[in-house]
There are 4 protein chains.
Amino acid sequence: MEARHRVRAAALELFAERGFHGTGIRDLAQRAGLSTATLYHYMGTKEELLAEIMRSSMDLLLQAATRVGVQGAAVDRVTRLVHVHVLAHAARPLHTRVVDDELRALSPPLRVEIIGLRDRYERLWQAAITDGVADGVFHLRASDVARRALLEMCSGVARWYRPDGPLSVEQMAARYTELALNLLGVAGPVPDLDTAIARDAHRLVAELWPEDAA
Amino acid sequence: MEARHRVRAAALELFAERGFHGTGIRDLAQRAGLSTATLYHYMGTKEELLAEIMRSSMDLLLQAATRVGVQGAAVDRVTRLVHVHVLAHAARPLHTRVVDDELRALSPPLRVEIIGLRDRYERLWQAAITDGVADGVFHLRASDVARRALLEMCSGVARWYRPDGPLSVEQMAARYTELALNLLGVAGPVPDLDTAIARDAHRLVAELWPEDAA
Amino acid sequence: MEARHRVRAAALELFAERGFHGTGIRDLAQRAGLSTATLYHYMGTKEELLAEIMRSSMDLLLQAATRVGVQGAAVDRVTRLVHVHVLAHAARPLHTRVVDDELRALSPPLRVEIIGLRDRYERLWQAAITDGVADGVFHLRASDVARRALLEMCSGVARWYRPDGPLSVEQMAARYTELALNLLGVAGPVPDLDTAIARDAHRLVAELWPEDAA
Amino acid sequence: MEARHRVRAAALELFAERGFHGTGIRDLAQRAGLSTATLYHYMGTKEELLAEIMRSSMDLLLQAATRVGVQGAAVDRVTRLVHVHVLAHAARPLHTRVVDDELRALSPPLRVEIIGLRDRYERLWQAAITDGVADGVFHLRASDVARRALLEMCSGVARWYRPDGPLSVEQMAARYTELALNLLGVAGPVPDLDTAIARDAHRLVAELWPEDAA
DNA sequence: CATGAATGAGTCTTCATTCAT
DNA sequence: GATGAATGAAGACTCATTCAT
């Protein structure tokens, strides 16, 4: 309950900050304000703890993307996918960094599971891109390269965005969307983005992903 | 001589594969074919070993970028910077992954040093982008966001590119350059890239960065 | 509780017997009847363990000396200081040998602390000697040389005294007091010492310094 | 030859400063300006190196004491023994500290040998004291206690004497002799010491024990 | 519910020493 | 005569985990 949550929060922070192998259970216990023995009341092994964090994060991202990225015109879908992805990475950087960076720390069975979720997520992006190319609105030579490029560039946000910087998360999402649509070769200048999209995406992230989720 | 190099090579592989904290001294010794005590005949501390790898990698990247990214029109500079970056990341993925992922494993003094090199590298990109915007050939709202997006997307190559896949490294570089120029808002369709650029960049990387560099 | 004390006792014995650097963690664990890992449940670092022993020993000696060596005539003060010192060194030879011999094993900050205690202790002796010279009862050319000579000679007891030898600790203290007063140039033959002094000093040492103190 | 001497000198300094167990062969090599492998051209094991230093030091001390402490009146013998001992400890503090402090670092066979030398040395003192008591010039209740007290107090010099302090080594020796004769209960005030004794003792130490002996 | 106690296996690093060249 | 290479054993200390209470 209370303590269980503190353990997750501690793990989230430390795994994001120092990496899985750079974090000891003593560190976790101290950050959570518990003894190491008590820690084991609220968790399985250290690796399971990591897997839970990654699973729930990837799950939420997948849900959000499913809601916004399946229906509609390719441009709209990509726009909303970028918004959700960027907002999630800017607003929940700890979760996303752990998912992005610590896959290799998982042993094969758990790694396979998380990679499965990630692949489903990437397939939503791939479909939107492929559809856009088929529709003639995106102009690309290699759509899978574009997908990877797009995802990598948007994920970077979690590594450097600071909420007290010059850009709000919504502005960030808007900038990245412009870059993404440019990258995809959408003809003509990208029009000003409807701020309603950012608002919706933000609400979605906040709803699925409570600030103190761990 | 011989053994010293094997140690570096082992560290390069393992740090890239499992991360610094995920790699034990015993792992290094085994991979290098030495006893752990002998290992210390050829290295300082494990951290110094990491720092050496990062320093030399970042150094080479910086040299290459300085040669191709300082003079000429902004479009040409970005084109060549992307080529060098992508080729380096595709052809030397171990080095680049270590530099990209293990900064946090360094203690402050060494981290500061390596970050200094990285910052000088990024400034070359930033200058090219800013110049392109000033010249009216790039169309962007936030050039620093674009720089980060560009670098992140290009660096991703080191994580997924396989030389036995459908694309050659030169083709990869070409595709990424198209995406980059699109992203930067270069007007009109990107023309077919001069393959001489790829050839030059490849030669530069290979020259500065011998295949077995460690 | 129990084990914690065994660790201290083991350290006391081994540090006194083999010196700090001559004692390994494994030796300590074996002597305490614990595994090396368990050892660390009850101690900080090996150096902190040494410092604790030295601190408590020096502290007790300082307390005892403060009680008997501040008030009264110089001859009486020196008499009681010698008694306390000799009794402590004869009855607690492990503690005193560690304090006397292992100062150099401490890193600077801890060393400074312990030396501070020792200096306060020596100042009590110095004051008694200086007062005796001023009163004309001691006849000396260099009182600081006398202080050092006195302390060194009395400390030697911890290195050779055996309780199963021909002299009791009280007799030892009496002999050393005679030597000390002679050394200080007290005129005339030293009279037979009041055995009450030895009894009091012995009681003081035993009270402050329980036999199994560690 | 040259290098062999540097090794001995390095060992002398470091063993005195940090103790045998606190000194590594790497430290020795560095101080001697040699590689560790080269070190072994000029020495046997680390322990043998220690034993050599102790043996030669104890030997020289024994020779000196034999020359001055066997013949003559007890008062004169003690006077000269104290002079030699104090001068040796003040002028060759490294040697004497190693002999005094590192006996326990020797394994039994070597320890037995060195202790044999020390015992012969102490027997010279004991004889002088006993003779003085028999002659009625010393007044003591326990002559062996006095011997130990005397030796301990005089040996302390090696731990604190600094040649740039207020007292010359000859003055030191004079002060200690006064204290020693007082301690031994020599009746009446100790007369001013003949400075020729100090000069002779100093010459003897210097002659037997060249400054750079190692 | 919570934790102090306990540990085998591991961490990185240094030890004193040998030996081929 | 001198040393780079090499190492098994040991150095101090931490690891993630279990369990009795």
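Quick note on labels: first sequence line is chain A, next is B, and so on, each numbered from 1.
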Next on the checklist: Whole angstroms only, please: what is the CE-C1' distance between M43(A) and dA2(E)?
Outcome noted: 16 Å

Next on the checklist: Any heavy-atom pair between the side chains of H89(C) and L61(C) that's under 4.5 Å?
Outcome noted: yes

Checklist entry - Between dA12(F), dT13(E), dA16(E), which one does the side chain of K46(B) approach most closely? => result dT13(E)

Checklist entry - Side chain of S57(A), backbone of I53(A): donor and acceptor closer than 3.5 Å? => result yes

Checklist entry - Would you say Q30(C) has more than 12 foreign heavy atoms packed within less than 6.0 Å of its CD? => result no

Item to check | Options dT17(E), dA16(F), dA10(F), nucleotide nearest the side-chain atoms of R26(C) | outcome: dA10(F)

Item to check | Of F20(D) and H41(A), the one whose closest DNA chain E nucleotide lies more 5' | outcome: H41(A)

Item to check | Rounded distance (Å) that lies between atom P of dT18(E) and atom CD1 of I25(D) | outcome: 10 Å

Item to check | Structure string for DNA chain E in dot-bracket form, Watson-Crick and G-U at under 3.5 Å, | interchain | outcome: .||||||||||||||||||||

Checklist entry - Rounding to a whole Å, what distance do you find between L49(B):CG and dT11(E):C1'? => result 16 Å

Item to check | Interatomic distance where OH belongs to Y40(B) and P belongs to dT13(E) [whole Å] | outcome: 3 Å

Next on the checklist: If you compare all heavy atoms of G19(B) against all heavy atoms of E102(B), which two are closest, and at what distance to 0.1 Å?
Outcome noted: CA-OE2, 3.2 Å

Checklist outcome for this item: side chain to side chain contact (heavy atoms under 4.5 Å, CB included) filter on R55(C), not counting sequence neighbours, yields A51(C), E52(C), L110(C), E113(C), I114(C), L117(C)

Checklist entry - In whole Å, what is the span from the CD atom of E2(A) to the C1' atom of dC1(E)? => result 14 Å

Next on the checklist: Measure NE2/H5(B) against P/dA5(F) and give the value in whole Å, please.
Outcome noted: 16 Å

Checklist entry - To the nearest angstrom, how far is L28(C) atom CG from dA10(F) atom P? => result 16 Å

Next on the checklist: Rounding to an integer number of Å, can you tell me how far E47(D) CD sits from dC15(E) P?
Outcome noted: 18 Å

Next on the checklist: To the nearest 0.5 Å, what is the distance between CZ on R6(C) and CZ on R31(C)?
Outcome noted: 13.0 Å

Checklist entry - In residues 29-39 of chain A, which ones come under 4.0 Å of DNA chain E, going by heavy atoms? => result S35(A), A37(A), T38(A)

Checklist entry - Does T96(C) use its side chain to pair, donor to acceptor, with the backbone of R92(C) at less than 3.5 Å? => result yes

Checklist entry - Nearest 0.5 Å, what's the CG-OH distance between L34(C) and Y40(C)? => result 12.5 Å

Checklist entry - Looking at CG of L12(A) and CZ of R97(A), how far apart are the two atoms once the value is rounded to the nearest 0.5 Å? => result 9.5 Å

